[in-house]
Each structure stands twice: as C-alpha cells, then as structure tokens.
Amino acid sequence: MGLLFDQFAQSHPSTRALIPFKYFVAAILLFVPLMAAQTTADQKLSANDLVRRVIANELRMQDQDHSHWMYHLETVKAGVKETKIVAGTKDGSLALLIARNDHPLTDDQLKQEEQRMNSFIHDQAEQQKQKRAAQEDGAKTKQLLSMLPDAFVFSYEQGNGDSGETVTLDFKPNPGFHPSTREAHVFHEMEGKLTLNRKEDRLAEMNGRLMHDVKFGGGILGHLDQGGTFDVRQDRVGADYWEITRLKVNMKGKALFFKTIGVEQDETRSHFQQIPDTVTLAQAGDLLLKEVARH
C-alpha cells in the first residue's frame, strides 16, 4: 500500500508534511476473526472505548502482516485518468502505467514504461530511498492511529449503536487534546464520521472535513483552508486481507512565499492478487508485464 502514497509524496514534496491522512490510510492491515461474545460486549462500550479497541487491533495487524500483493491502481488528476499495475515485494514496490483515460498505451509508450521500471530494478539508491520513505510513513501511521482515540470525541450515530456488523460514529476534536506535531495538528482539526466493522474489529471507512484554517508558524510557513475533505474506504480484498480500496482528498491552501497548495487525490484500487513473499523486484517486473499481456 505504501507505493501509492510514496509516489504522491515524491511528486508533491512541498505538501508532504501537510497531509497527515496519507499516513493514516497507509497502514498495512490483516483480518483476524473475533469471538461473537466480543460483539455483544461492545454494546456496553463507550464510543471512544470501541475505537480504542479497534485501533489496538489495527496496530497489531500492521505489525504482523508481511504479505505482498499485486493490484490495479486508478488515479484521476486534472481530468486525466491513469491506470497502473502495482506489485509489492520485500525489496520495494513497482508500478507500471498501462492506460490513460481508459486507452491502452501505445507500444512505444509501454516500452518507455518498461525501461523506467527496469531502471528502478537496477538502482539500489532509489530502492533505499523508497524503503526509507516507507519506514517513515509506517512510523507516522502508528503515531496517528494511536492518537485517534484521544484526539477526538466519538459518539454513536443516532440509532446506530445497538446492533449490526458495522457501526458509524460521529467524531469531533477533543478540546483537551494537544497535538505535538504538524501532522497531528491538521488531523486534530477534522470532524466527520468513522465506520467500524465491529464483528472483525476493523476500520471500514472514514470521512473528515477540516473545520478551520490550519496555520503553520502563525501563517508565515503556510496554511490549509477550512472545508478541505478526505474520504477513505477499506475492504477485505482476500480471504484474510484488508486493504484501502478508495481514497479521495480535496485540500487547498498556501505554502511558504504564498505558493498555492493543491492537494487532490482520487484513487481506486482493485483486482488484488497475492504474490509469493520470495518474489524479487525483477520477478515482480515480469509479473507486471504478463498482467499487461493479459489485457
């Protein structure tokens, strides 16, 4: 999952510190069955305690899962839709562009994509750069997930707290919480809805809206505008695996020296296939080319 956000951060370096939700949605998650008694017990839990339990499970799963997957990634930016195939390995992730606006690349364009992919396969410096970025994102993911139960006040949506496999909670900033990082500060200014799969103790969906302008350095270093939104959805895509399947972000603001920030992501992932843990980057490249040939 990290490649999706790594690519965005690399192409938008000035906005990386201003988009904490990318870390939140970047967590690698694994389904673990729970006893039916737990669902009954959560009827007695406060909304915040239920969130705390789910977050504890998500963090545990993040540490335990080491599986690797290939999937299709569709992104829409400035009216242009791009389709890529992504494969993750123990040595990093590869992405191969295969279509624009649902039109397959020409043979020459595909050849250029293959050359770019092969350059990465043989560039250890770029691989290490990608790995460092993934490690940084993983650490911030854990930090923000851990912060979630304390940073917000959760409440059961009316008529949605008694039964059912999923439950939707409203959330708003906890005035007694004091964020210690820039990412946490932006995250804490959100309010919205959080949907949990309480049968499986999983985060299913989160929709948030920035309620106020968020200023950095008193506004000198930049700000994000009130009204920015993000929507993220997670689904079980395999027998024992959950992944982010939908991510939509719309944020605007100003950076240092009044440079306009436009943080827009509209991404969908599908066609998940698990690949062996022993696959190398070169072998992953072959898998991507075979997948292209199938289409």
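Counted within 6.0 Å of NZ on Lys90, heavy atoms from surrounding residues, nucleotides or ligands total more than 12; the atom is thus considered enclosed. Other residues, nucleotides and ligands place more than 12 heavy atoms under 6.0 Å from the CG atom of Asn101.
Only one option out of Arg233, Arg246, Lys193 pairs with Glu205 in a side chain to side chain donor-acceptor pair (under 3.5 Å); it is Arg233.
Under the 4.5 Å side-chain criterion, counting only non-hydrogen atoms from C-beta, Pro173 is not in contact with Met190. Between Glu267 and Leu73 the shortest side-chain heavy-atom distance falls below 4.5 Å. Between Ile55 and Leu203 there is a side-chain heavy-atom pair separated by less than 4.5 Å. Using a 4.5 Å heavy-atom threshold, the side chains of Leu287 and Met70 count as touching. Side-chain contact between Lys252 and Leu224: absent, with no pair of heavy atoms (C-beta onward) separated by less than 4.5 Å. Contact check for Glu74 versus Lys81: side-chain heavy atoms found under the 4.5 Å cut-off. Residues Thr168 and Leu194 form no side-chain contact, since every pair of their non-hydrogen atoms from C-beta on lies 4.5 Å or further apart. In this structure the side chain of Arg269 reaches within 4.5 angstrom of the side chain of Glu243, judged on heavy atoms.
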Practice prompt. Please test Lys142 against Leu59 for side chain to side chain contact (heavy atoms under 4.5 Å, CB included), starting from the C-alpha separation and ending with a verdict.
Written response: CA-CA 7 Å; Lys142 291 182 180 180; Leu59 290 170; 4.1 Å; yes
Discussion item. Set out, in order, the CA-CA distance, both residues' side-chain angles and the distance that settles salt bridge (Lys or Arg N to Asp or Glu O under 4.0 Å) for Asp201 and Arg53, then state yes or no.
Written reply: CA-CA 8 Å; Asp201 266 7; Arg53 192 184 76 188; 2.9 Å; yes
Practice prompt. Evaluate the side chain to side chain contact (heavy atoms under 4.5 Å, CB included) criterion for residues Leu148 and Met206: first the C-alpha distance (whole Å), next the side-chain angles of each, then the deciding distance (0.1 Å), finally the verdict.
Written response: CA-CA 12 Å; Leu148 193 64; Met206 189 171 185; 4.0 Å; yes
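For Asn197 (side chain) and Lys199 (main-chain N/O), a donor-acceptor pair under 3.5 Å exists by modelled atom type. Remark: the backbone N or O of Leu45 is not paired with any side-chain donor or acceptor of Asp49 at under 3.5 angstrom.
The line from CZ of Arg52 to CG of Asn48 is 6.5 Å long, rounded to the nearest 0.5 Å. The distance from the CZ atom of Phe272 to the NE2 atom of His72 is 10.5 Å, given to the nearest 0.5 Å. The CD atom of Gln109 lies 11.5 Å from the NE2 atom of His103; values are rounded to the nearest 0.5 Å. From Leu110, atom CG reaches atom CG of Leu289 across 7.0 Å, with rounding to the nearest 0.5 Å. Rounded to the nearest 0.5 Å, atoms NE2 (His188) and NE2 (His212) are 11.0 Å apart.
The salt bridge (Lys or Arg N to Asp or Glu O under 4.0 Å) pairs that include a residue from residues 274-291 are Glu291-Arg294, where partners are two or more places apart or lie in different chains.
Tyr241 and Trp69 have parallel rings, their planes meeting at less than 30° on a 0 to 90° scale where 60° marks the start of perpendicular.
Remark: Arg202 engages Glu58 in a salt bridge, criterion side-chain N to carboxylate O under 4.0 Å.
Between Phe152 and Phe187, the ring center distance clears the sub-6.0 Å criterion.
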